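Report on the following structure.
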Protein chains: 2
Amino acid sequence: MTQFVGVADMVRWVHRHGPEALIVRLTEYVEADFRRWMSFDKTHRIASHTPFGVIELMPISDPDVYAFKYVNGHPFNPARGYQTVTAFGVLADVHNGYPVFLSEMTLLTALRTAATSAMVARRLARADAEVMAMIGAGSQAEFQALAFRGVLGIEQLRVFDVDEAATAKFVRNLAPAGFEIEVCASASEAARGADVITTCTADKTNATVLTDADVVPGTHINTIGGDCPGKTELDPQILRRGPVFVEYAPQTRIEGEIQNVAADFPVTEFWRVLTGAAPGRTDAAQITIYDSVGFAIEDFSALRFLRDSVAGTDLAKEIDLVAAPEDPKDLYGMTTAPVPV
Amino acid sequence: MTQFVGVADMVRWVHRHGPEALIVRLTEYVEADFRRWMSFDKTHRIASHTPFGVIELMPISDPDVYAFKYVNGHPFNPARGYQTVTAFGVLADVHNGYPVFLSEMTLLTALRTAATSAMVARRLARADAEVMAMIGAGSQAEFQALAFRGVLGIEQLRVFDVDEAATAKFVRNLAPAGFEIEVCASASEAARGADVITTCTADKTNATVLTDADVVPGTHINTIGGDCPGKTELDPQILRRGPVFVEYAPQTRIEGEIQNVAADFPVTEFWRVLTGAAPGRTDAAQITIYDSVGFAIEDFSALRFLRDSVAGTDLAKEIDLVAAPEDPKDLYGMTTAPVPV
């Protein structure tokens, strides 16, 4: 039987532990997997683009465990009552190819994206960072805020979204959680005085939600929303003001902010910072840029964390996803054996 | 909610309709989809190879429906009590990216592989074909036999497998179903006098289960088992004795029998026969070769057929694979809302 964590059980899991605590623990799983980067069989994700959006499969494997995530990105969805992103994922045993764990990943992806941002910022943001600007107050926004508080201690937020209802939702969700939140009239205003700038917008255009003039020395930029061809958020000039860190360069060249600069634009894969092979932030005045697109290892880590966490609890159910004939060569026998009513 | 057909419901479905009748109906779905070949967004499958076997993702999409299958191939599995192949698949709506249908596909893949072979043979085998040689009596064998009876009326089988227990299982399963079965001592003996030769073996080597001398004029060869790099079944000389038909040439060049001949070896994509763009069999003495590797459109067709067939019945359950927050931008709100106990 395959273990299954559905949406209701995922919500119960988040309730039981609290989203901030889960994100903090998840940063350790993601960091552990990034540190053993070379032990993964990596590929860029496989995308099916349509005028409505994109559907992607993100496979990844280490010598023991294979994982993949199904995820869509449909920018026009919220206006039609659907979410921009939905996802689910699977873990399988490499030795026999059997899928052993299936989970909803819409919520889990939100947790892992935030955890990865915070894991990166732990090395790249200034240690004295106190204020984060949040440009975009959609589905991912609260998770980013919780991650940066849990990992960096940031409690002051400056938020801007073109959709006032999204901003109101953000304030309604996070003010009770103890954040100091200033609602701003523009992205520029939000960025003013921020130590970290997080952009998480969903327009499927080469938008410029952050201009070069908005960024002052010492800032760490955490750019989340640009994640497919033609979908970016930054004035490309910003990329030239400090080192750019990426997850997996071959994928980010296609999907990230750096699609708007030359193909040989220098970037650092972040795992090299973790292993000491490359420097992170080198001085307090530096502008550091994390060009996030989301990489399969993060989903691998998130599924691994979830599986460890729900093992032996009531949060995972069994589903019969894999046929198990008594004689492995007698699949046909399953169709002729008596069936329980 | 997402519709789910698990193994138990799949078995019930096959019981309810009978595997032969389902395979025959499935040939119509596969043929309809092959005929509209150009309306699919196609790619070769994405494989993760290990010393144990392969895990693959097979995505495909038309303008309305996206499908993918997860499937493994682990040749050493049966000796360890596992099946060589397990699979599951998903249908999603292109317009919003939501997965709407999830099914076990170990059994369904067996049905669709057999249906595709029979659909091809309906055009390529001689109309007076009466005898089929079956080299390999593993998981796929009975389904192939039922498909060729259901579609071509073939009731006489000549079977050979290196594993006597597999042969005995094949006879035990199919003799009660009304087939005339001759157990043979070698592949050459099985091939003797056969109008159709089906090879479905699972060795992960460039094996030669059928030699050039075994094949007489007028034969249709249905070669199933060769389906990944380094895994083939035919003496390559056989490929030069008649036209070779494939599903999707870019994939078959990597995975099929034709990996053992030149990269420009001429082949015909079978959809072109269906649409009249290319000839099929042109005379009774011709040797025709179907170099099957399995292509994503067949899984698309099979999932589409299954979904149509189980709609409104007790064979599909609902599972909560997709989070559905009341406000699509308020995913976080799901984690703070009261949870039913």
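For clarity, every value in this text was computed on a predicted model and none was experimentally measured. Naming convention: chains lettered A, B, ... in sequence-line order (proteins, then strands); numbering from 1 in each chain.
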Toward chain B, the part of [X] with a non-hydrogen atom under 4.5 Å:
X: A:A324; result: backbone
X: A:V94; result: both
X: A:A87; result: backbone
X: A:Y66; result: side chain
X: A:V85; result: neither
X: A:P99; result: both
X: A:P78; result: both
X: A:D41; result: side chain
X: A:N77; result: side chain

Evaluate the side-chain proximity of B:K329 to A:T84: yes if any heavy-atom separation is below 4.5 Å, no if none is.
no
Report yes if the side chains of A:P19 and B:Y332 come closer than 4.5 Å at any heavy-atom pair, otherwise no.
yes
Max heavy-atom pair count under 4.5 Å with chain B, selected residue of A:V322, A:V5, A:L57
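Most heavy-atom pairs within the cutoff with chain B belong to A:L57.
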When A:G333, A:A177, A:G81, A:A110 are compared by non-hydrogen pairs under 4.5 Å with chain B, the top option:
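With the most close heavy-atom pairs to chain B, the winner is A:G81.
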Identify which one of B:L321, B:L102, B:I319 satisfies the side chain to side chain contact (heavy atoms under 4.5 Å, CB included) criterion when paired with A:F88.
B:L321
Let me know which of A:L331, A:T335, A:D330 forms a side chain to side chain contact (heavy atoms under 4.5 Å, CB included) with B:E142.
A:D330
Minimal non-hydrogen separation, [X] against [Y], with atom names:
X: B:D320; Y: A:E104; value: O-CB, 4.5 Å
X: B:Q83; Y: A:P325; value: CD-CD, 3.3 Å
X: A:H74; Y: B:H95; value: CD2-O, 3.2 Å
X: A:I55; Y: B:A92; value: CD1-CB, 4.4 Å

A:D93 and B:F52: side-chain contact (heavy atoms from CB on, under 4.5 Å), yes or no, with the steps?
CA-CA 11 Å; A:D93 286 337; B:F52 304 102; over 6 Å; no
Take A:F4 and B:F4, measure what side-chain contact (heavy atoms from CB on, under 4.5 Å) needs, and give me the verdict at the end.
CA-CA 12 Å; A:F4 172 58; B:F4 172 58; over 6 Å; no
How about CD on B:E326, more than 12 heavy atoms from neighbouring residues, nucleotides or ligands closer than 6.0 Å, or not?
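No - once you tally the heavy atoms of other residues, nucleotides and ligands closer than 6.0 Å, there are 12 at most.
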Would you confirm whether the ring centroid of A:Y70 sits within less than 6.0 angstrom of the ring centroid of B:Y70?
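For B:Y70 and A:Y70, the ring centres are not under 6.0 Å apart.
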Please rank B:N72, B:T86, B:V14, B:N96 by heavy-atom pairs under 4.5 Å with chain A and give me the top one.
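With the most close heavy-atom pairs to chain A, the winner is B:N96.
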Pairs of heavy atoms under 4.5 Å with chain A: top-ranked of B:F143, B:Y98, B:F170
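Sorted descending by pairs with chain A, the first entry is B:Y98.
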Between OG1 of B:T106 and CE of A:M334, what distance do you get to the nearest 0.5 Å?
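Atom-to-atom, B:T106:OG1 and A:M334:CE are 8.5 Å apart.
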With rounding to the nearest 0.5 angstrom, report the CD1 to CD1 distance, B:I46 to A:I46.
4.0 Å
Please state whether the side chain, the backbone, both or neither of B:Y82 comes within less than 4.5 Å of a heavy atom of chain A.
both
Using only atom types and a distance under 3.5 Å, with no angle test, would you say the side chain of B:S139 pairs donor to acceptor with the backbone of A:P328?
yes
